Amino acid sequence: MTQKKIIVYSLSTCIHCRDTVRYIADKGLKPSFFDVDLLEIEQRKKVLADLKDVNPQQTFPTTVIGEKVIIGFEPEEIEEALKKG
Amino acid sequence: MNSNFKTNFQKAQENKGYFFSNDKERVEQILDALMTNRDRYGYMACPCRLASGERTEDRSIICPCDYRKEDVEEYGTCYCGLFVKDKEIDVSGIKVPERHVYE
């Protein structure tokens with residue numbers, strides 16, 4: 001079974017973002033994550049536009065698991081999203 | 001992390017009624033992140049918010065941020081989890097909603 005697409009929009013300085021990425025990685029999963037603060041300007045603009053599409057407030061962390069968008073570090077919501085088929 | 005800075009910063013905030021939690025490791029990580037932002041931007045932008053790099057634009061999210069008072073009163077901790085009302089609080093279990101609106 002292929003892993004669901006998991007994306008974490010994060011900041012390299014944000015402890016809630018670290019918690020989120022670590023929580024997912026500890027399950028043996030491999031999220032794609034963007035430390036937006038470390039991106040070059042053009043890539044940052046693109047990633048922020050993508051983030052705005054799923055979270056208009058553009059807060060961090062924002063996690064996308066399949067179709068589910070999770071705002072902040074929310075282990076229960078992550079678990080639920082991972083279980084859904 | 002400059003230990004003098006940390007000590008002075010802590011004392012100054014405690015005098016205003018804001019404390020660091022007893023989770024020393026977590027506090028140290030947040031303080032290091034503030035130092036990273038200070039080195040990067042010239043001011044301590046909140047480590048959990050994306051700074052623009054323009055001081056005037058980021059004014060409300062420079063630590064201590066404009067939202068600290070309300071957040072600590074309502075949730076017991078500020079947005080990034082550095083400041084708490086009660087030192088024993090476990091901030092990792094608290095989610096503070098974002099009050100800041102990005103321009």
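Quick caveat, the model's predicted, so the values are computed rather than measured. Chain A is the first sequence line, chain B the second, and so forth, proteins listed ahead of strands; every chain is numbered from 1.
Grouping the Ile, Leu, Val, Met, Phe, Trp and Tyr side chains by contacts below 4.5 angstrom, directly or via other members, places B:Leu31 apart from B:Val91. One hydrophobic cluster, built from ILVMFWY side chains closer than 4.5 Å, cannot hold both B:Tyr75 and B:Leu82; they sit in different ones. A:Leu38 and A:Val47 fall into different hydrophobic clusters, where Ile, Leu, Val, Met, Phe, Trp and Tyr side chains are chained together by heavy-atom contacts under 4.5 Å. Follow the hydrophobic side-chain contacts under 4.5 Å out from A:Leu39 and you reach A:Phe60 in the same cluster. At a threshold of 4.5 Å between side-chain heavy atoms, the hydrophobic network of Ile, Leu, Val, Met, Phe, Trp and Tyr places B:Tyr41 and B:Ile61 in two separate groups.
Within a 6.0 Å sphere centred on CZ of B:Arg99, heavy atoms belonging to other residues, nucleotides or ligands number more than 12. Counting heavy atoms of neighbouring residues, nucleotides and ligands inside a 6.0 Å radius, atom CD of A:Glu80 does not exceed 12 of them.
Interface residue B:Arg40: only side-chain heavy atoms are found under 4.5 Å from chain A. The part of B:Ala51 that comes within reach of chain A is its backbone (N, CA, C, O), which places non-hydrogen atoms under 4.5 angstrom from that chain. Using a 4.5 Å cut-off between heavy atoms, A:Asp19 contacts chain B through its side chain alone, with no backbone atom that close.
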Note to self: Does B:Leu50 form a side chain to side chain contact (heavy atoms under 4.5 Å, CB included) with A:Arg44? I'd like the steps, not just the answer.
What the structure shows: CA-CA 11 Å; B:Leu50 180 62; A:Arg44 182 190 285 206; 3.8 Å; yes

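When each of A:Cys14, A:Ser12, A:Cys17 is checked for heavy-atom pairs under 4.5 Å with chain B, A:Cys14 comes out on top. Per-residue counts of heavy-atom pairs under 4.5 Å with chain A were compared for B:Gly81, B:Cys48, B:Ala33, B:Gly93; the largest is that of B:Cys48.
Between A:Thr13 and the options B:Asn37, B:Asp32, B:Leu34, B:Ile30, a side chain to side chain contact (heavy atoms under 4.5 Å, CB included) holds for only B:Asn37.
Here A:Ile15 contributes atom CD1 and B:Gln29 contributes atom CD; the two are 4.0 Å apart, rounded to the nearest 0.5 Å. Distance CZ/B:Arg49 to CG/A:Leu11: 11.0 Å, rounded to 0.5 Å.
A:His16 places no side-chain N or O within 3.5 Å of a backbone atom of B:Lys95 that could act as its donor or acceptor partner.
At a threshold of 4.5 Å between non-hydrogen side-chain atoms, the residues A:Thr59 and B:Tyr79 count as touching.
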